[in-house]
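A, B, ... follow the sequence lines: proteins, then strands. Residue 1 opens every chain. Side chains included, hydrogens not; waters and symmetry mates left out as well; all remaining heavy atoms used.
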There are 2 protein chains.
Amino acid sequence: MNPSSALFEHRPLYEVKANLFKGLAHPVRVRVLEVLADSVEVPVADLLADTGLEASHLSQHLSVLRRHNLVIADRRASQVYYRLAYPQVAELLRVSRSLLVDILETTRHQLDLTVASASA
Amino acid sequence: MNPSSALFEHRPLYEVKANLFKGLAHPVRVRVLEVLADSVEVPVADLLADTGLEASHLSQHLSVLRRHNLVIADRRASQVYYRLAYPQVAELLRVSRSLLVDILETTRHQLDLTVASASA
DNA sequence: GGACGGATTCATAAATTCATCATATCGTGT
DNA sequence: ACACGATATGATGAATTTATGAATCCGTCC
């Protein structure tokens, strides 16, 4: 079965989107994507060194990222190089960081208010 | 326990990000967010009608969205109104759609190539 | 204050995802 | 062709998430 059929055929957009977010919903995978977003391409060996993961564990997450069409693997000279498949992947990471910053700021303010009224 | 502590304290960014994506990683939640992105605020009754879900089921997903600080609930006159907590939430939806469009286009082209070479 | 509609929480079984270990593949050098 | 380093796949139990139904909470109206 072609991956595109699983991803798109006869499925409402919100299901496909949710599926995309599932692909992003793991610390290891986000970490890998962040590393990839910082350079043109990265060999698996470097990812292994960066993350300190067991090879098969990392490999499984890379497989998930490939299945979701988020990264592209390139085999050259006994090593495999990964890169982001689309610039939007990096953009998702950027927007999510911006959102998290705002959330953190808001919850901090709320904490301040709580503390202030408690001590008043 | 304050929600912000669970989300942010002493956790590397990629874990927090992954957690955010987890909050988005369900069709019902994406659907709800898409509806919310289209109007200023929406009462739960409307969400129920739109999605056709069982009340408790929808409520649980709304609870997840609240816990992730993605939406804000507002109780007024026996009804509860929801709205997006930050514009970045809508932006995440937009970027993800753009990404999916590109993925679909690419995989379509690949299909074309496959078919062409098979029949050549 | 009691009943009612609207929404949430709780409890639990089913489904999914994750981590770990063993095994398999793919390319390169000998 | 064989052995080796690099990466991927398969299988399994553990942990997490989801769907469903029962019970509860919160305002409003009588």
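Note: CD (B/E15) to C1' (C/dC18) measures 14 Å, nearest angstrom. When rounded to the nearest whole Å, the span between NE2 of B/H26 and P of C/dT16 equals 11 Å. Between the CZ atom of B/R67 and the C1' atom of D/dT17 there is a distance of 11 Å, rounded to whole Å. In this structure, NZ of B/K22 is placed 14 Å from P of D/dA15, rounded to the nearest angstrom. To the nearest angstrom, C1' of C/dC26 lies 15 Å from CG of A/D74. Atom CG of B/L53 and atom C1' of D/dT20 are 12 Å apart (whole Å). In this structure, B/D46 atom CG and C/dA7 atom P are separated by 9 Å, rounded to whole Å. If you take CD of A/E54 and P of D/dT7, they are 15 Å apart, rounded to a whole angstrom.
The side chain to side chain contact (heavy atoms under 4.5 Å, CB included) with A/V71 is formed by just one residue from the set A/V89, A/V42, A/L33; it is A/L33.
Screening residues 36-50 of chain A for side-chain hydrogen bond (donor to acceptor under 3.5 Å, both in side chains), with sequence neighbours left out, gives A/E41-A/R76.
For B/H26, the ring-ring contact (aromatic ring centres under 6.0 Å, His included) partners two or more places apart in sequence, or in a different chain, are B/H61.
Looking at B/L53 and B/L47, their side chains never come closer than 4.5 Å, going by heavy atoms from C-beta outward. Proximity of B/R75 to B/V80: side-chain heavy atoms (C-beta onward) are separated by under 4.5 Å at one or more points.
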Restricting to nitrogen or oxygen on both sides, can you table the protein-nucleotides 8-10 of chain C pairs closer than 3.5 Å?
from	atom 1	to	atom 2	distance (Å)
C/dT8	OP1	B/Y82	OH	2.5
C/dT8	OP2	B/S59	OG	2.7
C/dT8	O5'	B/S59	OG	3.0

Would A/K17 and B/E34 count as a side chain to side chain contact (heavy atoms under 4.5 Å, CB included) if you check the C-alpha gap in whole Å, the side-chain angles of each, and the deciding distance to 0.1 Å? CA-CA 11 Å; A/K17 265 190 208 173; B/E34 282 180 340; 2.6 Å; yes

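Using a 4.0 Å cut-off, no side-chain N or O of A/H61 falls inside it from OP1 or OP2 of C/dT17.
Where A/S78 and A/V64 each meet DNA chain C at their nearest nucleotide, the meeting point lying more 5' is that of A/V64.
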